[in-house]
Amino acid sequence: MQGPRMVSVIERRLLVNYRTDPEITARLLPAPLRPQIVGGWAVSGLCLIRLGGVRPAAIPVPFGLRSENAAHRIAVEWDTPDGVERGVYIPRRDTGSRLTGWAGGRLFPGRHHRSRFGVRESDDELRITVEDDSTGVRAEVHVRTAATLSGSRLFPDAGQASDFFRCGGAGFSTTPDPARLDGVRLLTHDWRVSPVELVSVRSTFFDDPVRFPPGSAIADCGLLMRDVAATWIPLPRMTVRPAGDPVVAPVR
């Protein structure tokens, strides 16, 4: 769908990244999307984002919405007449905002489940929970700031991780029509991320042994972004051939 160009401040954006088995991950993707492969793994994960001042670009600064949001993501690529494009496939979005839950998929791209968010945050530590009782989806994340990115099998350092995700600004989300994806592109001129230590991570999406058999989805690393101005540009809907099995409960 098309909608207005939106602006906001990314007050906090936490990327919790998983390395996932490429063949298993590919089964979750509608064609023509395919997983991006890094070091022999697909790159999947959670984006936990607090936005402030969300509004159409034409509306003055004093107005705007503040909300906690989450997205399950898979880094993907696809062929176009102009070459290979890269972005993320988003099988599920969650929000703590009633307005975002209503407007997503109506006024701007991306339908959202209404969920409960719990956040405990300090300068060097962050705990976030996301719960949706209606579908049984839950995520729990505990991270601490870190001087360097360590222990990752996907990226040797924070710089390469940052470059990878900066190139994936186009996100395509599921809609009630399994043959169509909503699209939006994130633009920012002040991209800054810092590494975090993953103290603990749980997700009913990635921990599901039917979707991801043991050993096929492993929490790998985390990146944190704070206080960055952002613009969200609607993209034309993408026509796809649905994956064989749904990966989340349908949006209602």
Side-chain angles (χ1 to χ4, degrees), residues 10-21 24-25 28 35-36 38-39 41-51 67-76 87-96 112-113 115-122 124-132 137-169 171 173 186 191-208 211-212 215-226 228 247-248:
I10 297 174
E11 296 182 356
R12 180 257 299 135
R13 186 186 191 213
L14 175 63
L15 297 179
V16 177
N17 307 308
Y18 281 72
R19 56 183 188 267
T20 56
D21 181 276
I24 291 171
T25 305
L28 306 178
Q36 289 191 57
V38 176
W41 294 90
V43 183
S44 307
L46 288 162
C47 173
L48 301 156
I49 186 168
R50 184 173 64 231
L51 297 174
S67 62
E68 289 283 352
N69 308 279
H72 291 76
R73 311 156 21 112
I74 299 171
V76 294
V88 292
Y89 169 66
I90 305 170
R92 180 179 175 104
R93 290 185 183 271
D94 292 85
T95 184
H112 292 66
H113 289 264
S115 298
R116 293 193 309 276
F117 283 73
V119 180
R120 295 170 56 190
E121 187 169 6
S122 66
D124 57 5
E125 197 161 7
L126 178 60
R127 298 173 186 257
I128 302 175
T129 60
V130 184
E131 297 178 274
D132 178 2
V137 170
R138 179 180 174 88
E140 302 176 45
V141 176
H142 178 195
V143 303
R144 296 192 184 101
T145 57
T148 60
L149 189 74
S150 61
S152 173
R153 295 269 298 274
L154 293 172
F155 307 106
D157 55 51
Q160 290 195 31
S162 175
D163 291 344
F164 177 86
F165 291 106
R166 187 171 190 173
C167 293
S173 309
L186 166 62
W191 179 274
R192 303 186 311 271
V193 299
S194 57
V196 294
E197 172 196 357
L198 301 182
V199 179
S200 63
V201 178
R202 294 181 181 178
S203 162
T204 52
F205 183 87
F206 292 107
D207 296 342
D208 181 354
R211 184 179 298 121
F212 288 106
S216 64
I218 303 167
D220 183 87
C221 63
L223 297 170
L224 181 62
M225 173 186 288
R226 283 190 170 121
V228 173
V247 296
V248 293

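What's counted below: heavy atoms across the whole structure, side chains too, no hydrogens, waters or symmetry copies.
Among His72, Gln36, Arg73, the single residue meeting the side chain to side chain contact (heavy atoms under 4.5 Å, CB included) criterion with Val88 is Arg73.
When side chains are defined from C-beta on, Glu125 counts as touching His142, because their heavy atoms get closer than 4.5 Å. Contact check for Asp94 versus Phe117: side-chain heavy atoms found under the 4.5 Å cut-off.
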Requested in this report: For the pair Ser115 and Arg92, evaluate side chain to side chain contact (heavy atoms under 4.5 Å, CB included) and give the outcome as yes or no after the intermediate values.
Outcome: CA-CA 12 Å; Ser115 298; Arg92 180 179 175 104; 4.0 Å; yes
**Report entry** Worked check of side chain to side chain contact (heavy atoms under 4.5 Å, CB included) between Met225 and Leu223
**Finding:** CA-CA 7 Å; Met225 173 186 288; Leu223 297 170; over 6 Å; no
Requested in this report: Could you walk me through whether Glu121 and Leu14 pass the side chain to side chain contact (heavy atoms under 4.5 Å, CB included) test, one step at a time?
Outcome: CA-CA 12 Å; Glu121 187 169 6; Leu14 175 63; over 6 Å; no
Report task. Tell me, with the steps shown, if Asn69 and His112 meet side chain to side chain contact (heavy atoms under 4.5 Å, CB included). Result -> CA-CA 9 Å; Asn69 308 279; His112 292 66; 4.3 Å; yes
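Rounded to the nearest 0.5 angstrom, Arg116 CZ and Arg138 CZ are separated by 8.0 Å. Residue Arg166 holds its CZ atom at 11.0 Å from CZ of Arg192, rounded to the nearest 0.5 Å. Here the SG atom belonging to Cys221 is positioned 5.0 Å from the CG atom belonging to Leu149, to the nearest 0.5 angstrom. Atom CD1 of Ile10 and atom CH2 of Trp191 lie 7.5 Å apart (nearest 0.5 Å). Within the model, atoms CZ of Phe212 and CD1 of Ile24 stand 7.5 Å from one another, a figure rounded to the nearest 0.5 Å. Distance CH2/Trp41 to CD1/Ile218: 4.0 Å, rounded to 0.5 Å.
Taking both residues in full, the closest heavy atoms of Ala219 and Leu198 are given as CB-CD1, 4.1 Å, listed atom of the first, atom of the second, then distance. For the pair Val38 and Phe155, the tightest heavy-atom approach, listed with the atom from each and the gap, is CG1-CE2, 4.3 Å.
With Ser44 contributing its side chain and Tyr18 its backbone, the two residues share no donor-acceptor pair below 3.5 Å. Within the 3.5 Å criterion, the main-chain N or O of Leu154 finds a donor-acceptor partner in the side chain of Ser152. In this structure, the side chain of Asn17 does not engage the main chain of Gly45 through any donor-acceptor pair within 3.5 Å. In this structure, Arg211 contributes its side chain and Phe205 its backbone to a donor-acceptor pair below 3.5 Å. Between the side chain of Asp208 and the main chain of Thr204, no donor-acceptor pair closer than 3.5 Å is present. With hydrogens and angles disregarded, a donor-acceptor distance shorter than 3.5 Å links the side chain of Arg12 to the backbone of Leu48.
The neighbour count for Arg202 CZ, taken as heavy atoms of other residues, nucleotides or ligands under 6.0 Å away, does not exceed 12.
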